[in-house]
Amino acid sequence: MPIPEFTSEETAELLQAHPAWSLARNGKAITRTFQFGDFSEAWGFMSRVALLAEAQDHHPEWFNVYAKVEVTLTTHDAGETGGLSQRDAKLARAIDGIISN
């Protein structure tokens, strides 16, 4: 059963609440790049996000090179072809919480 995909208004609210994230994939995803002091800090961040993602059963797409981590959030079973959903908003909020602490 598909998960409800965000409307354009809900997507705008998501971006307003999380200004460090930007739209990707023609509005079907959000992305954010995190820069850390070294690989160990980046890996620690990824480990914390992995635990949150597992608990939420919603997993990010990410790419890591040394101290940089690029995170993309999308819900593959939202709507008919995938897109943004409440799952992405919840995980973005949790990830932002890690950074602000």
Side-chain angles (χ1 to χ4, degrees):
M1 185 164 138
I3 294 171
E5 184 177 358
F6 273 0
T7 64
S8 57
E9 292 82 16
E10 290 170 317
T11 298
E13 290 173 10
L14 171 62
L15 292 173
Q16 185 175 17
H18 303 281
W21 294 82
S22 58
L23 278 180
R25 299 185 189 159
N26 296 318
K28 299 285 188 180
I30 56 174
T31 188
R32 181 171 176 189
T33 300
F34 300 87
Q35 188 67 46
F36 298 95
D38 57 26
F39 179 74
S40 181
E41 286 181 28
W43 188 264
F45 166 77
M46 292 175 67
S47 296
R48 290 189 300 275
V49 171
L51 293 172
L52 290 170
E54 190 64 19
Q56 294 180 20
D57 193 28
H58 187 58
H59 304 90
E61 298 173 16
W62 51 21
F63 179 77
N64 165 245
V65 175
Y66 187 61
K68 180 173 79 172
V69 179
E70 297 172 7
V71 178
T72 301
L73 301 178
T74 190
T75 302
H76 297 285
D77 51 356
E80 294 183 19
T81 60
L84 291 168
S85 77
Q86 190 58 41
R87 289 182 175 189
D88 304 303
K90 182 178 179 183
L91 189 52
R93 183 172 45 252
I95 292 170
D96 286 352
I98 289 173
I99 294 300
S100 66
N101 290 335

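Residue numbers run from 1 in the order of the sequence given.
With hydrogens and angles disregarded, no donor-acceptor distance shorter than 3.5 Å links the side chain of Thr75 to the backbone of Asp77.
The existence of a salt bridge linking Arg32 and Glu70 is excluded, since no basic side-chain nitrogen approaches an acidic carboxylate oxygen closer than 4.0 Å.
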Does the pair Thr31 and Val71 meet the rule for a side-chain contact (heavy atoms from CB on, under 4.5 Å), with working shown?
CA-CA 6 Å; Thr31 188; Val71 178; 5.9 Å; no
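Cluster annotation: Val69 and Ile99 are assigned to the same hydrophobic cluster (Ile/Leu/Val/Met/Phe/Trp/Tyr, side-chain heavy-atom contacts under 4.5 Å, transitive). Residues Met46 and Phe39 are members of separate hydrophobic clusters, defined by side-chain heavy-atom contacts under 4.5 angstrom among Ile, Leu, Val, Met, Phe, Trp and Tyr.
Side-chain atoms of Asp96 and Trp21 include a donor-acceptor pair closer than 3.5 Å.
Sorted by first and then second residue, the ring-ring contact (aromatic ring centres under 6.0 Å, His included) pairs involving residues 45-76 (not counting sequence neighbours) are Phe34-Phe45, Phe36-Phe45. Among residues at least two apart or in separate chains, there is no salt bridge (Lys or Arg N to Asp or Glu O under 4.0 Å) pair with a member in residues 37-51.
In terms of heavy-atom proximity, Gln35 sits nearest to Lys68 at OE1-CB, 3.6 Å. Of all heavy-atom pairs between Leu84 and Leu73, the closest is CD2-O, 3.8 Å. Closest of all the heavy-atom pairs between Gly83 and Asp88 is O-OD2, 3.6 Å. In terms of heavy atoms, Ala67 sits closest to Gly37 at CB-C, 4.1 Å. Annotation for Glu10 and Glu5: closest pair OE1-O, 4.1 Å, computed over non-hydrogen atoms.
Taking OG1 of Thr7 as the start and CD of Glu13 as the end, the distance is 7.0 Å to the nearest 0.5 Å.
Side-chain contact between Pro60 and Val49: present, with at least one pair of heavy atoms (C-beta onward) separated by less than 4.5 Å. Taking the side chain as every heavy atom from C-beta outward, Arg93 and His18 approach each other to under 4.5 Å. Looking at heavy atoms from C-beta onward, Thr72 lies in side-chain contact with Arg25 at the 4.5 angstrom threshold.
With sequence neighbours excluded, the residues satisfying side chain to side chain contact (heavy atoms under 4.5 Å, CB included) with Leu52 are Leu91, Ala94, Ile98.
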